[in-house]
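Just passing along the structure, written as structure tokens.
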Amino acid sequence: MTTANPYYARIWDTVLQIPAGKVASYGQIADLAGLPGRARLVGKALGYAPKELAVPWHRVLRSDRSLAFPAGSDTAQRQRELLQDEGVLLTNNRVPKDDLWQPDLAELLFKLKY
DNA sequence: TAATTGACCCTTT
DNA sequence: CAAAGGGCCAATT
């Protein structure tokens, strides 16, 4: 472990709040985690995310609802498989708007214990 | 310390 | 709807 930053923990916690069958964008996660404008950091945090936390990184994608990886790459294919396994069907590398995560802010704040 | 990089986002064409 | 340009901020070199 090179550097442990407090930002990452909050990002991981927020991602863990995404229910199965729903997806959220990096910017949305950053915003909910209290880090507006730091969407890129979310991606980095997911890359640093330890396996033990079982962070559902596959439920996080770009704001245009497309995968953040080049189509055809191993990571992209695994993400697509994981999403389909949860009931999120990708059409042309994109998920339906109906599957976007719409969190209840009050409940989310309670779970994250701000 | 300065420059480069990146699992991104928004607005305009 | 897809592509292009500009911006943002932390981590890395």
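Model, not experiment: these values are computed from the prediction. Protein chains get the first letters and strands the later ones, always in sequence-line order, with residue 1 at the start of each.
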Nearest non-hydrogen partners of A:Leu46 and A:Trp12, listed with the distance: N-NE1, 4.3 Å
Minimum side-chain heavy-atom gap A:Gln17-A:Trp101 below 4.5 Å: yes
Short side-chain donor-acceptor distance under 3.5 Å, A:His58 and A:Glu81: no
Nucleic acid footprint by protein, nucleotides 6-13 of chain B - heavy-atom cut-off 4.0 Å, B for base, S for sugar-phosphate alone: BBBSS---
N/O donor-acceptor pair under 3.5 Å between A:Glu107 side chain and A:Pro103 backbone: no
Interatomic distance where OH belongs to A:Tyr8 and P belongs to C:dC9 [whole Å]: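 After rounding, the reported distance stands at 16 Å.
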N/O donor-acceptor pair under 3.5 Å between A:Lys97 side chain and A:Arg65 backbone: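 A pair under 3.5 Å: no.
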Length of the CD1-C1' vector between A:Ile11 and C:dA11, whole Å: 13 Å
